[in-house]
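All remarks here apply to the structure that follows.
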2 protein chains.
Amino acid sequence: MNMVNPPLPSETSREDKIQSNPVRLGARLKLTRQTRGLTLKALALSADCSESLLSKIENGKASPSLPMLHRLVQALDSNIGWMFEETDADEGVVFRAGTRPLISLDPLRRGEGISLERIIPYSQGHLLQCNIHHIDVGGESAGPIQHVGEEVGYVLVGEIELMIGDKTFRLSAGDSFVFNSELAHWYRNVGNQRASIFWVNTPATF
Amino acid sequence: MNMVNPPLPSETSREDKIQSNPVRLGARLKLTRQTRGLTLKALALSADCSESLLSKIENGKASPSLPMLHRLVQALDSNIGWMFEETDADEGVVFRAGTRPLISLDPLRRGEGISLERIIPYSQGHLLQCNIHHIDVGGESAGPIQHVGEEVGYVLVGEIELMIGDKTFRLSAGDSFVFNSELAHWYRNVGNQRASIFWVNTPATF
DNA sequence: GGCATTATTCAAGTGACTTGAATTATTGTC
DNA sequence: GACAATAATTCAAGTCACTTGAATAATGCC
């Protein structure tokens with residue numbers, strides 16, 4: 001190695017050290033927050049920290065302390081483990097039935113008796129969000145998150161009542177729907193068995 | 001009808017008169033602008049008007065003069081006609097199983113023994129494309145159309161072989177996949193019954 | 001303890017968009 | 001053609017989500 005020109009000490013090294021991990025963690029946190037339709041302010045409030053700190057964490061300019069991270073994932077109704085989960089964003093991913101990550105949602109935020117089965121893993125670089133919504137008998141979604149974008153779905157099994165805007169539909173297995181995400185929407189299992197909906201939507205950040 | 005309490009004259013009526021058409025035109029314009037990735041400022045610049053006017057037009061608070069509208073669609077590389085075209089894009093659309101338009105595809109272009117069932121009607125103004133691919137026994141897709149974007153799918157019934165990039169997967173009912181549209185992809189029915197795949201992809205203009 | 005490092009906050013700044021009052025065109029009516 | 005009425009357009013100010021930088025509080029290491 002050239003002794004006259006030793007490796008630059010500052011510049012990148014500092015940034016890199018900060019970013020090596022945090023940049024991915026940050027991105028994951030951001031994506032999670034956006035998926036939940038939360039603003040920095042809102043998350044900051046429920047995780048009890050400042051808006052600006054969140055901004056820095058999400059952009060890899062700071063890495064949260066463990067207690068902080070814990071409060072964050074809690075507020076996001078996620079868990080620390082899978083913030084670090086490895087995923088392959090740009091090669092194809094195939095998931096077998098029954099092997100997909102299952103997420104139980106905060107009833108207050110997302111609804112009663114609903115769990116999501118992830119079709120598209122959380123990782124950077126995905127354009128779409130896709131989950132199978134499993135709705136227990138009598139379960140229903142909470143207040144809708146309204147955002148720009150579009151939603152498509154297909155009822156795999158069960159009987160549900162779906163409200164889009166001011167209209168109500170009763171859907172059975174095999175029925176499908178599309179609507180603009182800005183329309184208020186809400187659903188409920190009205191059958192006597194667990195219902196499943198294959199649901200795709202464009203992210204809030206569009 | 002009660003003559004003592006005639007319908008309220010002002011309040012809503014004025015708003016409604018303004019909004020009746022423009023609100024939809026505005027929404028359409030906004031969607032188009034967003035699809036093009038333009039900001040209000042940018043569009044205002046190239047259509048030679050003020051940012052605030054655009055905001056009002058998009059929100060149905062004003063309706064553009066014809067010259068103005070012309071400059072707008074020109075800047076958006078669209079045309080006035082389809083700004084007024086009827087689509088079910090803005091209200092939700094529900095399709096019952098078995099009532100969806102079925103399209104048999106040109107074997108040369110799309111493949112042998114494949115027909116598509118439209119989940120999202122083929123009208124402009126939709127962000128997503130979505131179809132159920134029905135593949136006859138032994139049927140297979142033709143050369144893939146490669147474009148930027150993302151694809152998600154879910155095997156509803158049957159056994160298929162799916163190639164993504166340089167990998168091959170054998171999928172059964174309930175399995176799902178996601179991949180970047182730029183990767184070459186191809187599929188084939190390898191079972192002994194008709195196979196169906198619920199398939200969503202982002203348009204090229206994403 | 002003292003010192004460097006880094007997490008965290010506060011306050012100010014930016015960019016995209018919205019709103020309201022003021023101005024300019026358009027339109028209809030006599 | 002003139003005169004209101006009405007609505008299109010602009011300017012300036014306001015809001016909202018987010019980012020940045022300097023200041024402060026923790027933390028860990030010697």
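Just so it is clear, the model here is predicted, and its values are computed rather than measured. Letters A, B, ... are given to chains in the order of the sequence lines, protein chains preceding strands, and every chain is numbered from 1.
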Given atom CG of Leu25(A) and atom P of dA7(C), what is their separation to the nearest angstrom?
12 Å
Calculate the interatomic distance between Leu66(A) atom CG and dT27(D) atom P; express it in whole Å.
12 Å
Taking the side chain as every heavy atom from C-beta outward, state whether Leu40(B) and Ser55(B) have any atom pair closer than 4.5 Å.
yes
Has Asn59(B) got a side-chain atom pairing as donor or acceptor with Lys61(B)'s backbone, closer than 3.5 angstrom?
no
Going 5' to 3' along nucleotides 16-22 of chain D, which nucleotides have protein heavy atoms under 4.0 Å from the base (write B), which only from the sugar-phosphate (write S), and which from neither (write -)?
-SBBBBB
Between dA7(C) atom P and Arg71(A) atom CZ, what is the distance in whole Å?
14 Å
Ser65(A) side-chain N/O to dT8(C) phosphate OP1/OP2 under 4.0 Å
yes
Any salt bridge between Glu161(A) and Arg170(A), counting N to O under 4.0 Å?
no
Within-4.5 Å side-chain heavy-atom neighbours: Phe177(A) and Ile120(B):
no
Please state how far atom CG in Leu69(B) lies from atom C1' in dA8(D), giving the value in whole angstrom units.
13 Å
If you look at every strand shown and take non-hydrogen atoms under 4.0 Å, does Ser50(A) touch a base, only sugar-phosphate, or nothing?
base
Flag the pair Glu117(A) and Arg100(A) as a salt bridge only when some basic side-chain nitrogen lies within less than 4.0 angstrom of an acidic carboxylate oxygen.
yes
Does Asn131(B) reach the main-chain N or O of His133(B) with its side chain, forming a donor-acceptor pair under 3.5 Å?
no
